[in-house]
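Basis for what follows: all heavy atoms, side chains included, without hydrogens, waters or symmetry-related copies. In what follows, chains are A, B, ... by sequence order, proteins preceding strands, each numbered from 1.
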Amino acid sequence: MRWSKLFIPTLREIPAEAEVVSHQLLLRAGYVRQLAAGVYNYLLLAQRSLKKIEQIVREEMNAIGGQEFFLAALNPAEVWQESGRWELMGENLFRLKDRFGRDLALAMTHEEIMTSIARGELRSYKQLPQIWYQIQTKFRDEPRPKSGILRTRQFLMKDAYTFDLDAEGLDTAYKLHYGAYCKIFDRCGLKYTVVEAHSGAMGGSQSNEFMVASEAGEDLVVRCTNCDYAANLEKAVSKASAPGAADPEGDLTPEEFHTPGQKTIADLAKFTQLPESSQMKSLVMVADGAPVLVMLRGDHQLSETKLNETLGVTELRAAHAQEIVEWFGASAGSLGPLGLKKKMRVLADLALQGRRNLIAGANRDDYHFRHVTPGEDFEPEYFDLRQVAAGDTCPKCGAALEMFKAIEVGHIFKLGYKYSESMGLRVLGEDGREITPIMGSYGIGIDRILACAVELYHDKDGMALPPQIAPFQAVITPVNYAESLQREAADLLYAECAQAGIDAVLDDRDERPGVKFKDADLIGIPYRITIGKKLSQGKVEFLERRTRTSEEVLLAGAIPHLKKKLWMPLL
RNA sequence: CGGGGCGUAGCGCAGCCUGGUAGCGCACCUGCCUUGGGCGCAGGGGGUCGCAGGUUCAAAUCCUGCCGCCCCGACCA
C-alpha cells in the first residue's frame with residue numbers, strides 16, 4: 001500500500017483523556033478513535049492488526065478441531081431468562097426493546113446461545129465432543145470503562161464452548177485449549193503467565209487465566225519466584241509469615257481490659273505493645289441477609305472472593321454500623337467472638353488455627369480481651385479466607401512470592417453442567433439413556449492482545465509491535481520519493497515485497513524524512529528499509545524497530561534479508 | 001453509585017478570579033524554498049466558548065440545572 005493514499009491520522013501530542021500507554025499510543029499512532037466512554041472506532045491500522053491476531057487465533061482453534069460460527073449478537077430475553085442470567089447479570093447486560101415491546105439483550109457472552117443451538121441439534125453421544133467458537137463483538141455495560149481499549153463496553157472476543165460426554169472428555173478439551181492458548185499468545189509475541197483463577201459468575205470448577213504483566217492491568221497476580229505456582233490474588237493461597245511475637249504459653253483465661261479509644265488493629269498493637277499479628281481482627285459480613293463473623297489475624301486482609309465462595313451465597317457485603325451495634329451491642333473496633341448476643345456463624349482463617357492467647361474485642365465499647373484462644377474459648381469454622389500478603393511464601397515450595405499487576409488476555413473454564421442442565425441439553429448415550437453433556441468455556445480478548453502488545457513493547461518514540469501482529473511487516477522509506485533513482489529503487493523493493501508475500505507499505509509521501517521516520521517509529525512497523533544517499537553505492541539502510549539496530553545492505557539483498565528476519569521471531 | 005478533575009478551532013492549551021473585539025502552539029490550505037529525524041519564509045481558512053435557563057446595558061467569564069469525558073473507589077464473564 002502507498003502511504004500517501006492511506007488514512008493514518010497520527011498526532012503529535014497526546015490527547016488529554018488518555019492515561020495508560022496503550023491508549024495514548026493507539027490514539028497518537030492513528031489506530032483508534034474514541035466515540036463514547038468505552039466505545040472505540042478501530043481505524044485502518046487497528047483493523048489490520050486485529051485481523052492478524054484473529055487469524056492466529058483462528059488457525060490455532062481450527063488446529064484443535066474448533067469450528068467457527070458467527071452468532072447473533074442481538075438476543076431475545078427468553079434465552080437469558082432460561083439460564084437465570086437475565087436477572088443475574090443485572091446492569092451489566094445491555095437491554096433494549098423492539099417495536100413490539102419485546103425484551104432483547106446485546107450478548108455479552110454466548111453460553112446461552114451456544115447451548116440453545118446444541119440442545120436443538122445434538123441428539124446422540126456419537127456427535128460429541130464438539131468445539132464451537134466465534135470471533136465477535138461483545139457488549140457489556142461496564143460501570144466504569146477505562147484504560148483505553150483495555151476495559152470497554154464493546155469489544156472483540158474469541159470465545160469457544162465445548163460439549164463432552166463426561167468429565168474426562170471435558171478435561172481433554174480443557175487441555176487442548178490450554179495448549180492452543182499458549183501457542184496463540186506465543187505467536188502473538190506476548191510474554192504471559194498462566195495462573196489459577198477464580199471462576200466468578202460463570203460458574204464452574206477449574207479455571208486458568210492467561211495474564212500479561214503490566215502496570216495498566218486491573219488484576220493482581222501472585223507468582224512463586226522458584227516453582228511454577230501462580231494464581232490470581234482472588235484465588236491465591238500462601239504460607240503466612242510467622243507472627244511477629246510468640247504467643248504466651250499456657251491455658252490462660254480470657255481477661256477483659258480497658259482500651260479507651262483504641263479502634264484499629266494498629267491502635268491496639270501500639271497500646272498493647274504486641275504486634276498486629278498477635279491481634280485478632282473481627283469482621284462482620286452480611287451474607288444473603290444473615291450476619292457472619294469472620295476472624296482474621298490482625299495483619300491479614302479478608303478475601304471477599306474466598307469468603308463468598310466458602311459461603312456459596314449470592315449477596316455479600318460488610319455490615320452497616322447500625323446493624324453492628326444492634327447485633328453486638330458494641331461498635332466496630334471493639335468486636336470479638338466471645339459472648340455473642342446474636343447467634344451467627346463464626347468463621348476463622350486458617351492462620352488462626354493453633355494460635356493461643358490472642359487479643360480480641362470484648363463486644364463492649366472500649367474493652368478488649370487478652371488470652372483468647374480459638375478452638376478453646378470459641379469454636380470457629382476454619383477456612384482459607386485471607387488474601388495473600390507481601391512477605392508470605394509459596395504454598396507449594398515455600399520460596400518467596402512476588403506480586404504484580406496484570407492484564408487478563410485469556411480465560412479458560414470448566415463450566416460443568418450449569419447451562420446444559422438449566423437449558424435442557426440432553427443426548428442419548430450408548431445404553432439408550434439420556435446424558436447431560438458437560439461444558440467448557442474459553443475466552444480470548446482479541447483487542448486486549450493488541451493493547452497488551454503495545455503495553456509490553458513501546459519506547460519513547462512509539463510502539464514496537466511484534467511483526468506477526470503489526471499492521472505492516474515493513475515500511476519502505478525513500479528519503480525523497482521525488483528523486484527518480486530513489487523512486488525506482490523504492491518501487492522495486494515494494495514490488496519484491498508484494499511478490500514475496502510480505503505485507504509492506506511504501507512511504508511515498510512528499511514529506512521530509514524526519515516526518516516519515518517519526519511516523520514509522522510511532523505506529524511501530526517492525527522493519528524499515530530506508531533509501532537515501534547510499535543508493536549511489538547500491539546500498540540501503542535496514543532498521544529493526546525494536547532494537548534500533550541498523551545495518552547497510554545491498555539493494556538487491558534487502559528483501560531476502562527482510563524475509564530472513566521475518567522468519568526469525570523477535571525475542 | 002460515592003469522591004475528585006476537566007469541557008474554549010482537528011490536537012495541546014491560555015483567557016474565567018476582577019463581565020466589554022476569542023487568543024497561542026501544532027495540524028490544515030496556497031505560494032516559494034527545503035529533503036537522513038516532526039525544515040524555513042510569506043499569506044490564509046477554521047469557533048453556536050458542552051447544553052439550557054438566570055443575573056446584567058453587556059456573559060467564555062457570575063449563578064442554577066443538565067449533559068459529556070477522564071481519574072480514584074465500589075463493581076468487573
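- Within the structure, side chain to side chain donor-acceptor pair (under 3.5 Å) pairs that include any residue of residues 517-526 of chain A comprise Thr10(A)-Asp519(A), Arg509(A)-Asp519(A), Asp521(A)-Arg548(A) (at least two apart or interchain).
- If you check residues 147-157 of chain A against RNA chain B, the residues with a heavy atom closer than 4.0 Å are Ser147(A), Arg151(A), Met157(A), listed by number.
- Nearest to the side chain of Ala36(A), among rA74(B), rC69(B), rG37(B), sits rC69(B).
- Separation of the P atoms belonging to rG19(B) and rU61(B) is 12 Å when rounded to the nearest angstrom.
- Residue contacts shown for Arg317(A) are absent, as no nucleic acid heavy atom lies under 4.0 Å away.
- Of the C1' atoms belonging to rC16(B) and rC6(B), the separation is 14 Å, rounded to the nearest Å.
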Just do the side chain to side chain donor-acceptor pair (under 3.5 Å) check on Glu111(A) and Ser83(A) with the steps written out, would you? CA-CA 9 Å; Glu111(A) 281 79 6; Ser83(A) 70; over 6 Å; no
Identify the pairs formed between an N or O of the protein and an N or O of nucleotides 10-13 of chain B at a distance under 3.5 Å, and give each distance.
from    : atom 1 : to       : atom 2 : distance (Å)
rC11(B) : O2     : Glu13(A) : OE1    : 3.3
rG12(B) : OP1    : Ala16(A) : N      : 2.5

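- Rounded to whole angstrom, the span from the CG atom of Asp141(A) across to the P atom of rC76(B) amounts to 14 Å.
- Using atom C1' as the reference point in both rC13(B) and rC49(B), the two lie 14 Å apart (nearest Å).
- Proximity of Gln486(A) to the phosphate of rG36(B): no side-chain N or O atom is located under 4.0 Å from OP1 or OP2.
- Taking atom CD of residue Glu209(A) and atom C1' of nucleotide rC76(B), one finds them 11 Å apart after rounding to whole Å.
- One P atom belongs to rG10(B), the other to rA27(B), and the distance between them is 16 Å to the nearest Å.
- Under the Watson-Crick or G-U wobble criterion, with both distances below 3.5 Å, rC49(B) is left unpaired in every strand shown.
- The side-chain hydrogen bond (donor to acceptor under 3.5 Å, both in side chains) test applied to Glu323(A) returns Arg317(A), not counting sequence neighbours.
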Atom pairs and distances, side-chain donor-acceptor, residues 214-221 of chain A, under 3.5 Å, sequence neighbours left out:
from      : atom 1 : to        : atom 2 : distance (Å)
Ser214(A) : OG     : Ala216(A) : N      : 2.9
Glu218(A) : OE1    : Arg151(A) : NH1    : 2.6
Glu218(A) : OE2    : Lys146(A) : NZ     : 3.4
Asp219(A) : OD1    : Asn232(A) : ND2    : 3.4

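- By the side-chain hydrogen bond (donor to acceptor under 3.5 Å, both in side chains) test, Lys405(A) pairs with no residue at all, sequence neighbours left out.
- Residue Glu483(A) is classed as having no contact, given no heavy-atom separation below 4.0 Å to the nucleic acid.
- You'll find that the side chain of Arg28(A) is closest to rG38(B), out of rC75(B), rG38(B), rC72(B).
- The side chain of Pro513(A) sits closest to rG36(B) out of rC76(B), rA74(B), rG36(B).
- The pairing partner recorded for rA59(B) is none, the criterion being a Watson-Crick or G-U wobble arrangement whose two distances lie under 3.5 angstrom.
- In this structure, the CZ atom of Phe139(A) is 18 Å from the C1' atom of rC76(B), given to the nearest Å.
- A search for side-chain contact (heavy atoms from CB on, under 4.5 Å) contacts involving Asp159(A) returns Thr109(A), His110(A), Gln134(A), Lys138(A), Met157(A), Tyr161(A), not counting sequence neighbours.
- Under the rule for a side-chain contact (heavy atoms from CB on, under 4.5 Å), the partners of Val39(A) that lie at least two apart in sequence or sit in another chain are Leu35(A), Ala36(A), Arg153(A), Gln154(A).
- Partners of Ile265(A) under the side-chain contact (heavy atoms from CB on, under 4.5 Å) rule, at least two apart in sequence or in another chain, are Glu276(A), Gln279(A), Lys281(A).
- Taking atom CD of residue Glu552(A) and atom P of nucleotide rG36(B), one finds them 15 Å apart after rounding to whole Å.
- For Asn480(A) against rG36(B), no side-chain N or O and base N or O form a donor-acceptor pair under 3.5 Å.
- Remark: Thr172(A) pairs with no residue by the side-chain hydrogen bond (donor to acceptor under 3.5 Å, both in side chains) rule, at least two apart or across chains.
- Lys534(A) and Glu552(A) are joined by a salt bridge, as a carboxylate oxygen and a charged side-chain nitrogen come within less than 4.0 angstrom of each other.
- Shown here, rC6(B) forms a base pair with rG68(B); the pair counts as Watson-Crick or G-U wobble because both key distances fall under 3.5 Å.
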Sequence-aligned protein contact record of nucleotides 39-47 of chain B, with B where the base is within under 4.0 Å of a protein heavy atom and S where only the sugar-phosphate is: B--------
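- The residue Glu511(A) sits close to a base: some heavy atom pair falls under 4.0 Å.
- Applying the side-chain hydrogen bond (donor to acceptor under 3.5 Å, both in side chains) criterion to Lys183(A), with sequence neighbours excluded, gives no partner residue.
- Atom CG in Asn92(A) sits roughly 8 Å away from atom P in rC76(B) (whole-Å rounding).
- Pairing of rC1(B), defined by two Watson-Crick or G-U wobble distances under 3.5 Å, is identified with rG73(B).
- Within 4.0 Å of Thr477(A), counting heavy atoms only, lies no atom of the nucleic acid at all.
- Each of Lys418(A), Arg119(A), Arg85(A) was checked for a salt bridge (charged side-chain N to carboxylate O under 4.0 Å, His left out) with Glu112(A), and the lone residue meeting it is Arg85(A).
- Ion pairing of Asp384(A) with Lys235(A) is absent here, as no side-chain N (NZ or NE/NH1/NH2) approaches a carboxylate O to less than 4.0 Å.
- Counting to the nearest Å, the P atom of rC76(B) and the CG atom of Leu316(A) are 11 Å from each other.
- Here the separation of rC71(B) from rG12(B), taken at their P atoms, is 14 Å to the nearest Å.
- Remark: the separation of the C1' atoms in rU8(B) and rG68(B) is 15 Å, to the nearest Å.
- With P as the reference atom, rA52(B) and rG44(B) are 33 Å apart, rounded to whole Å.
- Rounding to whole angstrom units, NZ of residue Lys405(A) and P of rC76(B) are separated by 19 Å.
- Taking atom CD on Glu408(A) and atom P on rC75(B), their separation rounds to 17 Å, with Å as the unit.
- To the nearest 0.5 Å, atoms CD (Glu496(A)) and CD1 (Ile559(A)) are separated by 5.5 Å.
- Comparing Leu35(A) and Arg448(A) by the nucleotide of RNA chain B that holds the closest heavy atom to each, the one mapping nearer the 5' end is Leu35(A).
- Look at the C1' atom in both rC69(B) and rG31(B): the space between them is 41 Å, to the nearest Å.
- Residue-level contact check: Lys146(A) touches the backbone only, with heavy atoms under 4.0 Å from sugar-phosphate atoms and none from bases.
- Residue Asp159(A) is out of contact with every strand shown, counting any heavy-atom pair closer than 4.0 Å.
- Base pairing of rG25(B) is made with rC11(B), judged by Watson-Crick or G-U wobble geometry with both donor-acceptor distances under 3.5 Å.
- Side-chain contact annotation: Arg2(A) with Tyr481(A), donor-acceptor N/O pair under 3.5 Å present.
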